[in-house]
Amino acid sequence: MAMLEMIPEPEPGREPQLYIDIGNERPIGAEELGRFVRELGADYRRTTGSTLVLSRLELGSTLLEFVDHVVAVTGYIAAPLVIIEAAERMGQFYKYLKEQLKGQEVTQAALTPPMDASPARLLEIAANSGANLKISRGKGKTKEVIELTHTEVSMRNANAKARKKNKSKATAALPKPAAPLQIGHLSERLRTQVDAAPEQVESLVELFVDFLKSNGGEYQLPALAQDLESHGLYHIAAVVRRHIKPGPTQRVTT
């Protein structure tokens, strides 16, 4: 008779969960919360190359639990190495959120690039709902926590908005072609050609990037990448993002 092998608990500090606790005093709109979850998933994929899954949601004081998709699919019965790798990706993402939310504050927003989508959305939700923020991973002595009071949330939210506004001003000042190309149309053409020849994705993207640059549309590359990501084509968007130069047309992430 075959015996089931006991599945070991993850080692301390290698738990593959991420918890986000929004201690809101006022209700959070479903649309805003949905946008945040979607943007957090996109930032997780961009940062780690993997997929983030919402595994638990508690309302009232809003608590969200996230896991890497391999954990959600296997329910911890995957090989220990797979679980460890998932935990390492979650640890990498936790550090990313910590740098975004608790990084050194600046007095002049123009000196730093805009905050990424999901951390900025989280600050906005917490500020508007009168909430403190707590983001954690791990348990017991190895537990790591990012904490922001509502006062800190409000200050950093205001700073994030100022950074976004300054970025918009800088982008508006860049030279643009007389007739900007329609990103939706360009993205559709690129998706069609990649579907027809998926093995040539690199060369096809190179052609489209060169086409945009030759028409003065290099500033549209971030929008093209975002449009591709909105269609779930993260592998194509990643190739486009390799051609985006750091500067006023792009936020810089660590």
Side-chain angles (χ1 to χ4, degrees), residues 1-22 33-34 36-58 62-103 115-119 121-122 133-147 194 198-202 205 225-226 228-242 244 251-254:
M1 179 179 177
M3 297 183 64
L4 292 176
E5 182 181 354
M6 294 296 292
I7 305 301
E9 288 289 322
E11 294 180 23
R14 286 185 167 176
E15 294 84 359
Q17 299 100 333
L18 178 74
Y19 300 94
I20 298 180
D21 187 353
I22 307 173
L33 194 60
F36 166 64
V37 172
R38 183 183 65 187
E39 291 167 351
L40 191 73
D43 283 340
Y44 185 78
R45 182 182 291 273
R46 179 175 51 77
T47 304
T48 69
S50 190
T51 301
L52 189 68
V53 174
L54 176 63
S55 56
R56 180 158 61 105
L57 172 62
E58 296 181 6
T62 308
L63 175 67
L64 304 98
E65 178 186 38
F66 296 92
V67 295
D68 190 274
H69 84 287
V70 298
V71 176
V73 170
T74 64
Y76 291 96
I77 63 173
L81 180 60
V82 174
I83 300 298
I84 290 172
E85 289 174 345
E88 288 176 347
R89 288 193 293 270
M90 194 62 75
Q92 177 187 351
F93 192 59
Y94 174 86
K95 291 178 181 178
Y96 157 81
L97 290 175
K98 185 175 182 179
E99 290 170 358
Q100 287 276 310
L101 294 169
K102 293 284 284 186
M115 187 175 287
D116 289 341
S118 64
R121 180 80 62 188
L122 181 57
L133 274 180
K134 182 184 293 184
I135 301 173
S136 61
R137 66 180 297 267
K139 298 177 182 177
K141 293 182 180 180
T142 63
K143 185 175 183 178
E144 297 178 90
V145 182
I146 304 166
E147 289 188 272
V194 168
E199 73 282 358
Q200 298 180 25
V201 59
E202 294 275 352
V205 171
Q226 290 174 5
L228 292 166
E229 287 168 348
S230 72
H231 288 84
L233 300 173
Y234 299 97
H235 63 298
I236 304 177
V239 179
V240 173
R241 289 193 179 280
R242 292 207 298 266
I244 301 174
R251 57 177 179 260
V252 178
T253 59
T254 56

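These values consider heavy atoms only, across backbone and side chains, with no hydrogens, waters or symmetry-generated copies.
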S.K.: Identify, with sequence neighbours excluded, every residue that meets ring pair (Phe, Tyr, Trp, His ring centres under 6.0 Å) alongside Phe66.
M.R.: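 Phe66 satisfies ring pair (Phe, Tyr, Trp, His ring centres under 6.0 Å) with no residue once adjacent residues are dropped.
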S.K.: As an exercise, state the distance from CG of Leu81 to CD of Glu88, rounded to the nearest 0.5 Å.
M.R.: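 Between Leu81 CG and Glu88 CD, I get 8.0 Å after rounding to 0.5 Å.
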S.K.: To the nearest 0.5 Å, what is the distance between CD on Glu147 and CG on Leu101?
M.R.: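 Glu147 atom CD to Leu101 atom CG measures 12.5 Å (nearest 0.5 Å).
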S.K.: If the condition is side chain to side chain contact (heavy atoms under 4.5 Å, CB included), which residues does Arg45 pass it with, not counting sequence neighbours?
M.R.: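 Side chain to side chain contact (heavy atoms under 4.5 Å, CB included) list for Arg45, sorted by chain: Thr51, Tyr234.
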S.K.: Check Phe93 against Leu18 and note the closest heavy-atom contact, atom names and distance.
M.R.: CD2-CD2, 4.1 Å
S.K.: So which heavy atom on Gly138 is nearest to which on Lys143, and how close?
M.R.: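 Looking at all heavy atoms of both residues, the shortest contact is O-CG, 3.7 Å.
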S.K.: Indicate yes or no: at least one non-hydrogen side-chain atom of Tyr44 is less than 4.5 angstrom from one of Ser118.
M.R.: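 No, their side chains stay 4.5 Å or more apart.
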S.K.: Main chain of Asp116, side chain of Gln100: is a donor-acceptor contact present, judged purely on distance under 3.5 Å?
M.R.: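 Yes, the answer is positive, given that a donor and an acceptor are paired below the 3.5 Å cut-off.
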S.K.: Between Pro16 and Val67, is any pair of side-chain heavy atoms under 4.5 Å apart?
M.R.: no
S.K.: Would you indicate whether the side-chain heavy atoms of Leu133 and Ile22 approach each other to under 4.5 Å?
M.R.: yes
S.K.: Okay, side chain of Tyr94, backbone of Val145: is any donor-acceptor separation there less than 3.5 Å?
M.R.: yes
S.K.: Run the numbers on Lys102 and Ile135 for side chain to side chain contact (heavy atoms under 4.5 Å, CB included), then give the verdict.
M.R.: CA-CA 11 Å; Lys102 293 284 284 186; Ile135 301 173; over 6 Å; no
S.K.: Between Val70 and Ser50, is there a side-chain heavy-atom distance shorter than 4.5 Å?
M.R.: no
S.K.: Evaluate the side-chain proximity of Leu52 to Met90: yes if any heavy-atom separation is below 4.5 Å, no if none is.
M.R.: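 Contact flag for Met90/Leu52 side chains = yes.
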S.K.: Any side-chain heavy-atom pair from Val240 and Arg242 closer than 4.5 angstrom?
M.R.: no
S.K.: Would you say that Leu40 contacts Leu97 through its side chain, given a criterion of any heavy-atom pair below 4.5 Å between the two side chains?
M.R.: yes
S.K.: Determine, stepwise, if the pair Val71 / Val53 fulfils side chain to side chain contact (heavy atoms under 4.5 Å, CB included).
M.R.: CA-CA 9 Å; Val71 176; Val53 174; over 6 Å; no
S.K.: Roughly how far apart are Asp68 CG and Gln17 CD, rounded to 0.5 Å?
M.R.: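 Rounded to the nearest 0.5 Å, the CG-CD separation comes to 11.0 Å.
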S.K.: For a side chain to side chain contact (heavy atoms under 4.5 Å, CB included) check, start with the C-alpha distance between Glu39 and Leu122, then their side-chain angles and the critical distance, and finish with the verdict.
M.R.: CA-CA 10 Å; Glu39 291 167 351; Leu122 181 57; over 6 Å; no
S.K.: For the side chain of Gln92 and the backbone of Thr47, is there at least one donor-acceptor N/O pair under 3.5 Å apart?
M.R.: yes
S.K.: Under the side chain to side chain contact (heavy atoms under 4.5 Å, CB included) rule, collect the residues that match up with Lys95, sequence neighbours excluded.
M.R.: none
S.K.: Hey, what do you get for CZ (Arg56) to CG (Leu64), rounding to the nearest 0.5 Å?
M.R.: 9.5 Å
